[in-house]
Amino acid sequence: MLINKVEFNPQNKLLTREALEAYDPASESWQKQFARRYTHHSELMNVLAGVEDVNETVYSKFAVSITPYMAQLMDKDDPECPIRKQYMPTFAEETKPGFHTMLDELGEEGDTIPGTSVVHRYPRRVLFLVSNTCAVLCRFCTRKRMVAQPDGSVHKDEIERSIDYIAGNTEIEDVLLSGGDPLTFTDERLDYILGQIRERAPHVRFLRMGSRMVVQLPTRITPELCAVLEKHRVQMVNIHINHPKEITPLLRERVKMIQKAGIMMGLQTVCLKGVNDDVAVLRELFMQSIEMGVRPYYVYSTDMVEGAHHFIVPHHRMLELYEGLRGWISGPAVPTFVVDGMGGLGKLPIIPTYVKEEIRADGQGTTIKCRNYKGMTVEMPGLGLDFRVPSQSHG
Ligand SMILES: *Cc1c(COP(=O)(O)O)cnc(C)c1O
């Protein structure tokens, strides 16, 4: 299914600048708002100032989709607005010739079980891609190979075979539903998929879901949906927020609704140049997150997908950002920073070194050099005092 004009229902008029200002996103159903998405930058020119008049080739690579709720959060006059940067197409996307970008940088296709949409990369847990649609499209999407692509849709048969695979492999104890966004499905469809997993795969101990719809179209979260999640004992819902501006009273209200269903919530964030590569922004984001009772889980580096190179934050900068958090804000507000290794290597933690064991000058044991969050250092004797440097005699 292509998120594009083809789906647009002319009865659901696009909101003008004035109408958008007066619009109450909680006043209509999520389906109705979903149908009101802006799907071309020219439509947004009527709503926002300073929209870049991008080349149509951008659309052949990746569609545009912005809900009225999300458009409302954007700064009308400032193209540098951290929300605009995440969703508005820009000239920077018109891929530079020769720039090395990949559609499936993480090599997920290689770890996909044939005939299914299950990525089985790690032991005992699988990623189950159930949908190729999202409410709002992130310009840095890691799954541009399928999300919003006409040939990227996940067929019903694939879902059936995926459930068969999970049911038939008793070593799988953790299933992560993702996409696209699983919450683009109706409650009935989710009820069916989750019910099948619970019924046919009793060996699955942990059932979780990643969704950005909670943030992009909060009214998707309803008591009916939460009842479905609770019924099938979904244990964790991970949301994705990149800037504190995305946290609104409506989002807070719907997060609470999920939590009341007894579901633990995590936050994932993508480190994006010009959006959140800033210590103060991340501190505020993660503190607001734990205030909501949502535990920051991962900060991902931007993947090397087509048209996202301008968002990439170098690893040395990510180490500095981490150092600006650890020790400076509440421990539970500090997530793990990771880079997903190219070609299927998997997630690799990006962790600064605070404690380093070094061989003593006399070769008799080790010294532990410690550095704290403020940069104070101390040296202590290593614990391995019986450590011997091997083969001194060979010299
Ligand atoms: C991230 C990911 C998971 C889940 O990893 P956790 O570290 O357990 O959250 C599972 N499968 C794939 C392919 C992933 O990319």
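Just so you know, these numbers come straight off a predicted model, no measurement behind them. Every number for a ligand or one of its atoms is a count from 1 in the order of the listing.
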Using the rule side-chain hydrogen bond (donor to acceptor under 3.5 Å, both in side chains), only one of Thr67, Asp187, Asp181 pairs with Arg220; which is it?
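Filter result, single survivor: Asp187.
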
From the list Arg145, Arg143, Lys144, side-chain hydrogen bond (donor to acceptor under 3.5 Å, both in side chains) partner of Asp104 resolves to Arg145

Return yes when atom CZ of Arg124 has more than 12 non-hydrogen atoms of other residues, nucleotides or ligands closer than 6.0 Å, and no otherwise.
no

Can you tell me if CZ on Arg200 sees more than 12 non-hydrogen neighbours from other groups inside 6.0 Å?
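Yes, the 6.0 Å shell around CZ holds more than 12 heavy atoms from other groups.
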
Could you check atom 6 (P) of ligand 1 against the protein and tell me its nearest heavy-atom contact, residue, atom and distance included?
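Among all protein heavy atoms, the one nearest atom 6 (P) of ligand 1 is Tyr297 OH, 3.4 Å.
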
Considering only non-hydrogen protein atoms, determine which one is nearest to atom 8 (O) of ligand 1 and report residue, atom name and distance to 0.1 Å.
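So the nearest neighbour among protein heavy atoms is Arg125 NE, 2.7 Å.
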
Is the shortest side-chain heavy-atom distance between Arg212 and Glu246 below 4.5 Å?
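They are in contact (side-chain heavy atoms under 4.5 Å apart), so the answer is yes.
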
Please check if the side chain of Tyr122 supplies one atom and the backbone of Leu127 the other of a donor-acceptor pair under 3.5 Å.
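No, because the side chain of Tyr122 does not come within donor-acceptor range (under 3.5 Å) of the backbone of Leu127.
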
By number and element, which atoms of ligand 1 are closer than 4.0 Å to a non-hydrogen atom of [X]?
X: Lys347; result: 1 (C), 2 (C), 3 (C), 4 (C), 5 (O), 14 (C), 15 (O)
X: Val119; result: 13 (C)
X: Tyr298; result: 6 (P), 7 (O), 9 (O)
X: Tyr122; result: 2 (C), 3 (C), 10 (C), 11 (N), 12 (C), 14 (C)

Determine whether the side chain, the backbone, both or neither of Arg208 has a heavy atom under 4.0 Å from any heavy atom of ligand 1.
side chain

Which heavy atom of Pro296 sits nearest to which heavy atom of Pro332, and what is that distance?
CD-O, 3.5 Å

Would Arg121 count as being in polar contact with ligand 1, using the rule that some N or O on each side must be under 3.5 angstrom apart?
no

Backbone or side-chain N or O of Asp174 under 3.5 Å from ligand 1 N or O
no

